[in-house]
Amino acid sequence: LWGIGDVIDAFRRPDTAIATVAGQRIEIQEMQDALRREIDQFRRATDNRIEPTPEIRRALAEQALDRIITGHAMQAEIQRLGLRVADARLRDAVLRVAAFDNFLRQNGMTEGRFLELFRSDIAQRELAVAVGAGAISPDVLTTPLFRHAGERRAATMVLVPFDAGPAPALPDESELR
């Protein structure tokens, strides 16, 4: 049952989801956090010498959204398959991260959020490896690639020194106009 209260609530709490993947909502805040991380990574990669233009920001936003969507789709499949990352595996992986505290500060993350993302990342990599290990390309795709890679090509090149040929004729007045 619903009534006028439900309609009023819908106006008071606007929908903040920008996308839905496998029934899971991607909220604006998640997108903003991902975009901030992409921009920070861009700035670090360019040593803060290049300020992101609107076009770069748009490309970074698309990249961030693609990563979020892929992550949500992978996470849905991980949950469907019942895959889990053992605490010991997570701990070992975290210990290999250099400058853990610095990483948290740079990315504006809490330790809990980092562990959640890191656990998800490990599970996604394991799923991708398992899928990739079982993937077989059809002959219709691989045969032309191997044929192309195995081809031998030859080229003949002639080097003509710049001063070996005659100088071009000077243009007359009509050609200059």
Side-chain angles (χ1 to χ4, degrees), residues 10-138 141-142 144-146 148-151 153 155:
F11 286 111
R12 272 191 278 164
R13 291 180 309 212
D15 186 13
T16 58
I18 58 171
T20 303
V21 177
Q24 192 175 13
R25 297 162 49 89
I26 298 172
E27 298 291 337
I28 290 174
Q29 186 61 49
E30 182 179 1
M31 178 62 191
Q32 287 173 335
D33 291 345
L35 178 57
R36 181 184 44 76
R37 283 191 302 272
E38 291 287 338
I39 290 171
D40 290 346
Q41 184 179 0
F42 174 83
R43 286 186 172 134
R44 282 191 304 275
T46 61
D47 293 327
N48 283 324
R49 286 179 281 158
I50 300 174
E51 184 62 30
T53 63
E55 292 80 15
I56 291 174
R57 285 179 179 275
R58 197 170 11 265
L60 291 173
E62 287 176 16
Q63 186 172 318
L65 184 57
D66 285 347
R67 286 181 202 246
I68 292 170
I69 290 171
T70 300
H72 279 258
M74 296 273 293
Q75 200 58 41
E77 186 63 10
I78 287 165
Q79 288 174 350
R80 188 186 73 76
L81 294 171
L83 301 177
R84 284 197 22 86
V85 175
D87 291 342
R89 174 89 195 280
L90 178 63
R91 183 190 65 242
D92 292 345
V94 168
L95 291 175
R96 286 192 298 268
V97 174
F100 177 70
D101 291 332
N102 190 32
F103 179 85
L104 293 179
R105 238 185 341 275
Q106 280 183 341
N107 289 287
M109 276 189 215
T110 64
E111 185 175 333
R113 178 69 176 141
F114 172 80
L115 293 175
E116 177 186 324
L117 289 174
F118 208 56
R119 184 183 302 270
S120 174
D121 185 56
I122 291 170
Q124 288 177 23
R125 278 187 274 148
E126 288 178 355
L127 177 63
V129 167
V131 168
I136 299 173
S137 297
L141 295 176
T142 55
L145 288 174
F146 285 124
H148 177 74
E151 287 179 358
R153 293 180 181 83

Using a strict cut-off of less than 4.0 Å between a Lys/Arg side-chain nitrogen and an Asp/Glu carboxylate oxygen, indicate whether Asp33 and Arg37 qualify as a salt bridge.
->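 No, no charged N to carboxylate O under 4.0 Å.
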List in chain and number order the residues that pass side-chain contact (heavy atoms from CB on, under 4.5 Å) with Gln41, two or more places apart in sequence or in another chain; answer none if no residue qualifies.
->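 So Gln41 forms a side-chain contact (heavy atoms from CB on, under 4.5 Å) with Glu38, Arg44.
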Who pairs with Arg119 by salt bridge (Lys or Arg N to Asp or Glu O under 4.0 Å), at least two apart in sequence or on another chain?
->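 Here the qualifying residues are Asp87.
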CZ of Arg84: more than 12 outside heavy atoms within 6.0 angstrom?
->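 Atom CZ in Arg84 is not packed in, count stays at 12 or less.
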Give me the atom names and distance for the closest heavy-atom approach of [X] to [Y].
X	Y	value
Pro52	Ile39	CG-CG2, 4.1 Å
Gln124	Gly71	NE2-O, 3.3 Å
Phe118	Leu90	CD2-CD1, 3.7 Å
Ile122	Ala93	CD1-CB, 3.7 Å

With heavy-atom distances below 4.5 Å as the criterion, would you say the side chains of [X] and [Y] are in contact?
X	Y	value
Ile18	Ile68	no
His72	Gln75	no
Phe114	Val94	yes
Met74	Ser120	no

Euclidean distance, [Y] [atom2] relative to [X] [atom1], rounded to 0.5 Å:
X	Y	atom1	atom2	result
Thr20	Glu27	OG1	CD	8.5 Å
Glu111	Arg113	CD	CZ	14.0 Å
Met31	Thr16	CE	OG1	14.0 Å
Arg36	Leu60	CZ	CG	13.5 Å
Leu115	Thr110	CG	OG1	8.5 Å
Ile26	Ile28	CD1	CD1	12.0 Å

List for me each residue that meets side-chain hydrogen bond (donor to acceptor under 3.5 Å, both in side chains) alongside Asp47, sequence neighbours excluded, and say none if there are none.
-> Arg49
